[in-house]
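Since the structure comes first, as structure tokens, the remarks are kept for the end.
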Amino acid sequence: MVNHRSNAIVELMRTPAAEHDELWLKKALQHAILLELATLPPYLCGLWSIEDEDQGSDAFQTIHTIVFDEMSHMGLACNMLTTIGGVPRIADAGLVPVYPGKLPGGVQPDLSVALMGLGKPALDMYSQIERPDDPVVEDLDAHTSIGAFYQAILDAFRARPELIKGTRQLTKNMASHGAGNNIVALTSLDDVEAAVKIIKEQGEGTTAAPDNPFPGGTGELAHFYAFRQLFHGRRLIRVSEDPPRFDFQGDEIPMPRTLPMGTVPAGGWAKGGVPVSDEVRTNLDAFNRHYSALLRLLERAWQADQPGTATQLLGQAVGQMFQLQEPARALMRTPLPDGSGNTYGPEFRYVEDEP
């Protein structure tokens, strides 16, 4: 049974490569979808907490780009599952990631992912999510990384390319939103190779350099390094050529002004013992309804048999996504009653569809 609280990814990675069959690949891709989904709520909280006057800042532009990258990664993971005949499961209370909590499947097991406004703690958490196995800067303890997991998925595709059937493939031009990769159909091993390379190198870079070579070799930093330089407040630069060495010694990157969203407690504000007024409850409920509707539409889109229906459902999902920011920002402008100076924020809780 797939569950966001399990250590399934760690267990899948322990399975001998010779046993990475169709069932293994379907399980792995389902967890990859949940893993991509899990990154979006914390990143969105950071993005939405940036004040209007600083939405041209380096931090805003960086996180905005990464959010849309992650959305496209989730779409590509869904296409990887459907191209081998799998059915993505997204809208289920037992599957949707909860916060604070671990990343799905046991990736980075020492990391607790929480929902909070942008600041040093959030930036450190973001970069730990994207942590590579072998970064070109900063020594870090090794655990199962997202990149290593995707490499195992790619190896399984390479061993069984005949599984790729090209069924239920959705496409989306993300350029219309100003960021992200296009979600493309995956009908061959070459398509899958390209998709996994994008996901890995956008998140972690390569073992030789922190640059993400997509799209078109622009020199954009991979997500891990982009978050680390925001954390350090200095641009990552090459400080020696032979051997190549990098450090955060470049130009200063100022932190933007932010709304002081506090950390959402386990189970949400009310269950965490924080008083919730009628106005706050209205915004929390509105947000959770839109978020849940978004997940249901995404699930239905990748389950639809007719391409026209799938495209329509995906468009409706995008519409729901843009309904999230208003109640989220309203919550972030409402002070908590504890005198801390912090504010409420969205809970990203899945709620069942109303009858």
* Asked: Has Glu279 got more than 12 heavy atoms of other residues, nucleotides or ligands less than 6.0 Å from its CD?
  -> no
* After noting the C-alpha distance and the side-chain angles of Gln151 and Asp155, does the key distance pass the side-chain hydrogen bond (donor to acceptor under 3.5 Å, both in side chains) rule? -> CA-CA 6 Å; Gln151 185 59 50; Asp155 290 342; 3.0 Å; yes
* Nearest heavy-atom pair of Ile153 and Ala32: which atoms, and what distance? -> CD1-CB, 4.2 Å
* Looking at Asp278 and Arg281, does any basic side-chain N land under 4.0 Å from a carboxylate oxygen? -> no
* To the nearest 0.5 angstrom, please state how far the CZ atom of Arg168 sits from the CD atom of Gln306. => 10.0 Å
* Structure fact -> For Pro42 and Ala114, the nearest pair of non-hydrogen atoms, with its separation, is CB-O, 3.7 Å
* To do: Report the residue from Val10, Leu35, Ile129 that forms a side chain to side chain contact (heavy atoms under 4.5 Å, CB included) with Val107.
  => Leu35
* To do: Indicate whether any N or O donor in one side chain lies under 3.5 Å from an N or O acceptor in the other, for Gln108 and Arg131.
  => yes
* Is a side-chain N or O of Ser340 found less than 3.5 angstrom from the main chain of Leu336, in a donor-acceptor match? -> no
* **Non-hydrogen atoms of Leu259 and Arg329 that approach each other most closely** => CD1-NH1, 3.7 Å
* Asked: Should Asp251 and Arg235 count as an ion pair when the cut-off is N to O under 4.0 Å?
  -> no
* To do: Any chance you could measure Leu236, atom CG, to Phe248, atom CZ, to the nearest 0.5 Å?
  => 4.5 Å
* Structure fact -> The reported gap from CH2 in Trp302 to CG in Leu81 (rounded to nearest 0.5 angstrom) is 11.0 Å
* Asked: With Glu347, which residues qualify under salt bridge (charged side-chain N to carboxylate O under 4.0 Å, His left out), at least two apart?
  -> Arg349
* **Point-to-point distance, once rounded to the nearest 0.5 Å, from CD of Gln320 to CZ of Arg296** => 9.0 Å
* Asked: Between His20 and Thr15, is there a donor-acceptor pair closer than 3.5 Å when you use the side chain of the first and the backbone of the second?
  -> yes
* For the residue pair Tyr350 and Tyr291, is the inter-centroid distance of their aromatic rings smaller than 6.0 Å? -> no
* Asked: Between Leu76 and Val184, is any pair of side-chain heavy atoms under 4.5 Å apart?
  -> yes
* **Nearest non-hydrogen partners of Thr83 and Gly166, listed with the distance** => OG1-N, 2.8 Å
* **Donor-acceptor contact below 3.5 Å, side chain Thr62 vs main chain Ala59** => no
* Nearest-0.5 Å distance that lies between atom CD1 in Ile199 and atom NE2 in His223 -> 10.5 Å
* With rounding to the nearest 0.5 Å, note down the distance linking CG in Leu298 to CD1 in Ile90. => 5.0 Å
* **Between Thr82 and Gln169: side-chain donor-acceptor atoms closer than 3.5 Å** => yes
* Strictly under 6.0 Å, is that where the ring centroids of Phe287 and Phe348 end up? -> yes
* Asked: Within the side chain of Glu299, is there an N or O that forms a donor-acceptor pair under 3.5 Å with the backbone of Val87?
  -> no
* Asked: Hey, is Glu193 close enough to Lys197 for a salt bridge, meaning N to O under 4.0 Å?
  -> no
* Arg257 backbone acceptor or donor facing Asp54 side chain under 3.5 Å -> yes
* Do Asp285 and Arg289 sit within salt-bridge range, that is, some charged N less than 4.0 Å from a carboxylate O? -> no
* Verify same cluster id: Val96, Leu115 (apolar side-chain graph, 4.5 Å) -> yes
* Asked: Should the pair Arg238-Asp247 be classified as a salt bridge under the 4.0 Å nitrogen-to-oxygen rule?
  -> no
* Asked: Shortest non-hydrogen contact from Leu189 to Pro161?
  -> CD2-CB, 4.3 Å
* Asked: Taking all atoms of both residues into account, what is the closest heavy-atom pair of Leu170 and Ile183, and its distance?
  -> O-CG2, 3.5 Å
* Asked: Relative to Phe231, does Arg228 satisfy both conditions: NZ or CZ under 6.0 angstrom from the six-membered ring centre, and within 45 degrees of the ring's axis?
  -> yes
* Is a donor on one side and an acceptor on the other found under 3.5 Å between the side chain of Trp24 and the backbone of Leu12? -> yes
* **Residues Asp190 and Ser188: side-chain donor-acceptor under 3.5 angstrom** => no
* Got Met13 and Phe149 here, is their nearest side-chain heavy-atom distance under 4.5 Å? -> yes
* In terms of hydrophobic clusters joined by side-chain contacts under 4.5 Å, are Leu40 and Ile50 together? -> yes
* **Tyr150 ring center near Phe157 ring center (under 6.0 Å)** => no
* Side chains of Pro121 and Asp124 in contact at under 4.5 Å (non-hydrogen atoms) -> no
* Transitive ILVMFWY side-chain link Leu47 to Phe322, under 4.5 Å -> yes
* Chi angles and distances behind the ring pair (Phe, Tyr, Trp, His ring centres under 6.0 Å) call for Tyr43, Phe227 -> CA-CA 11 Å; Tyr43 297 171; Phe227 283 140; 5.1 Å; yes
* Give the C-alpha distance, both sets of side-chain angles, the deciding distance and a yes or no for side-chain hydrogen bond (donor to acceptor under 3.5 Å, both in side chains) between Arg300 and Gln303. => CA-CA 5 Å; Arg300 289 170 56 200; Gln303 292 178 358; over 6 Å; no
* Ignoring hydrogens and angles, tell me if any N or O in the side chain of Gln30 forms a donor-acceptor pair with the backbone of Arg89 under 3.5 Å. => yes
* Asked: Angle class for the Phe68/His64 ring planes (parallel below 30°, perpendicular above 60°, tilted otherwise)?
  -> tilted
* Backbone N/O of Leu118 and side chain of Ser49: donor-acceptor pair under 3.5 Å -> yes
